[in-house]
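In what follows, a structure is listed as structure tokens, so that the remarks can point back to it.
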There are 2 protein chains.
Amino acid sequence: MLGSANVSERATEPPDIGVSVVILALGRSGAQGPDSTNMPSAQSPSAQAASAQRPSALSPSAQGDRYARPALWIPLVRRIRQPFLGRWALPGGHPQANISLEDAARSALESTTQLTPRYLEQLYTFGDPSRSQGGLPMVSIVYWALIGATETTEFKEGDNVRWFPTTDLPPLAFDHREIIDYALTRVRNKVAYTDLATRIVGDEFTMSQLREVHEAITGTSLDPANFRRKMLASGLLEPTGRMQTTGRHRPARLYRYVAHESPHR
Amino acid sequence: MLGSANVSERATEPPDIGVSVVILALGRSGAQGPDSTNMPSAQSPSAQAASAQRPSALSPSAQGDRYARPALWIPLVRRIRQPFLGRWALPGGHPQANISLEDAARSALESTTQLTPRYLEQLYTFGDPSRSQGGLPMVSIVYWALIGATETTEFKEGDNVRWFPTTDLPPLAFDHREIIDYALTRVRNKVAYTDLATRIVGDEFTMSQLREVHEAITGTSLDPANFRRKMLASGLLEPTGRMQTTGRHRPARLYRYVAHESPHR
DNA sequence: TCAATAGTGTCTGTAAGACAGTATTAG
DNA sequence: CTAATACTGTCTTACAGACACTATTGA
């Protein structure tokens, strides 16, 4: 059994492999889940601690701010063994010889959140020996996923699974904090030149909703006029013909996303 | 021992891990190595076969063509066991618990080519069960590397290690052909918005030389005037004050690369 | 002188950002 | 009417690509 070998014997052996997932979902601040409205909440002490640390979570650049604007949230699981027992960590599992790495990531995702991702992509493979920090040397193949805005009402939360805003993360096990930061920069870069945002809004959406997604991911605030033109110029959107009225102001046109090729990866 | 387990037993076990490297170097066509001039060549039959297939290897878009223009070459190793015995494959090795994945890639690179890369970056981790094709299920963590133009004269070649132009690759083992193609698209994309090209030209270089590197990697032909302006506008180049005379025409200014931050990864 | 490459000037089209102005709703 | 957001028009700047033009060398 590998576990019984001592350090010098293990040095030239292969490290263990794991698959982890950075799961990102849009949510509004002011509650303990990505989209708090109508959700049965069994608040545990540490959930309260988390939301206590969150004064007005997002709004990186001020403007309006009468309603909380959406931000990125991430589900973490609590470690139930050493090292880092009790710390929050990325959901993960182990690859199996008969399934693809992507499926391993997908199943790790679904078993912790009961959700199906709208987007899933390999992030990076981390394998530096120093990252194990008292654990066994480990290679982590990390994926990142986007959860659609409509699904986030049905997430599951418990004492060992909890959502956190990416702007206010607890101390994490291993190098998981750096992994999340890397995932966030990747997403922020990629949202600018791909159709990522259209994947996570609903089937029908207004320009403002789409823009809010971009703003939540990049943490910036975008000019509505220029954003609209840029999106329409991409040729990936078409009006559904329907409108949406939300407040005491002009109703907004609804659009749908029309897929072309997929210049992915 | 793992090797004695049957298929159904192996299914839920972790796959094996390997580290492979796609090594890219600049070379001119018309010989069997990246930079053929003055090299002791012990041509083997298959080396002759390879160069016989190569009429005028590169020049994707015609212009001038009085001298062969540089193109990307890649070293491959011949497999000495089943499956795919005798086929060409990417150099690789196995990760060890006490060294980083990058160091594992570096040592695989150095043991096959005796060269030190100017640039080394993780490409992707391939782990689909279908890719093993008769071998044991395998996760391959693939890196790609760039070899400097000046080093390519000292490469080592033998019956089991040989350089091929990327435009004319032999049949490869496993899914290594797709891996190389993926590496090439990554490099082509990245050369446009990073300082990759400056890494592989020498310390001093003319604008034409730098432009040739870009052209070789992207496979396009670039306007000298616009290319010059773009490079100078980047602020990463400074004239050394020296000139280089090559033919019966105006001598060219020499530049050097000045590093700023490293907005990498 | 000519051929060849080095290097400059300039025009055009595209796209992003700033920002003024018009449209339509609820109250 | 006002406040709020939806949407349109237009100006400026930056930059990439096309391409004409000048500069300097060897033969």
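Since the model is a prediction, treat every value here as computed from it, not as a measurement. Here is how names work: the chains are called A, B, and so on, in the same order as the sequence lines, proteins then strands, and each is numbered from 1.
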To the nearest angstrom, the CZ-C1' distance between A:Arg253 and C:dT25 comes to 15 Å

*When you look at B:Ile147 and B:Arg118, which way does the side-chain contact (heavy atoms from CB on, under 4.5 Å) test go after all the steps?*
CA-CA 6 Å; B:Ile147 302 291; B:Arg118 294 279 189 93; over 6 Å; no

Any donor-acceptor pair under 3.5 Å joining the side chain of B:Arg248 to the base of C:dT5? no

Rounded to whole Å, CG of A:Asn226 lies from C1' of C:dC19 at a distance of 9 Å

note: A:Lys230, atom NZ; C:dA16, atom C1'; distance rounded to Å ~ 8 Å

Taking for A:Arg229 and for A:Gly247 the nucleotide of DNA chain C with the nearest heavy atom, the one nearer the 5' end belongs to A:Arg229

With no hydrogens and no angle check, is any side-chain donor or acceptor of A:Arg253 less than 3.5 Å from a backbone partner on A:Met243? no

Quick one: do B:Glu204 and B:Gln244 satisfy side-chain hydrogen bond (donor to acceptor under 3.5 Å, both in side chains)? Show the steps, please.
CA-CA 10 Å; B:Glu204 265 191 336; B:Gln244 187 183 79; over 6 Å; no

Expected list for residues 237-246 of chain B near DNA chain D, using heavy atoms below 4.0 Å, is none

Among D:dA16, C:dG7, D:dA6, the one nearest any side-chain atom of B:Met207 is C:dG7

To the nearest angstrom, the CG-P distance between A:Leu232 and D:dA6 comes to 14 Å

Please find out if less than 6.0 Å separates the ring center of B:Tyr124 from that of B:Phe126.
-> yes

For this session: For D:dC7, take OP1 and OP2 only and decide whether either is under 4.0 Å from a side-chain N or O of A:Arg228.
Result: yes

**Request:** Name the nucleic acid region contacted by B:Ala225, choosing base, sugar-phosphate or nothing; use a 4.0 angstrom heavy-atom cut-off, strictly under.
**Result:** base

Next item on the list: Considering just the side-chain nitrogens and oxygens of B:Arg250, establish if one lies under 4.0 Å of OP1 or OP2 belonging to C:dT5.
Entry: no

Whole-Å distance, A:Arg211 CZ to D:dA6 P, equals 7 Å

Query - Check against side-chain hydrogen bond (donor to acceptor under 3.5 Å, both in side chains), A:Arg186 and A:Asn189 - result: CA-CA 5 Å; A:Arg186 175 93 134 243; A:Asn189 285 331; over 6 Å; no

Using the six-membered ring wherever Trp is involved, compare the ring planes of B:Trp88 and B:Phe164 and label them parallel, tilted or perpendicular (cut-offs 30° and 60°). perpendicular

- Query: What is the ring orientation for A:His214 with A:Phe227, classed by angle as parallel under 30°, tilted 30 to 60°, or perpendicular over 60°?
  - Reply: perpendicular

Pair of N/O donor and acceptor under 3.5 Å linking C:dA16 base with A:Asp223 side chain: no

Rounded to whole Å, CZ of A:Phe227 lies from C1' of D:dA6 at a distance of 14 Å

- Assign B:Ser208 to base, sugar-phosphate, or nothing according to its heavy-atom contacts below 4.0 angstrom with the strands shown. sugar-phosphate

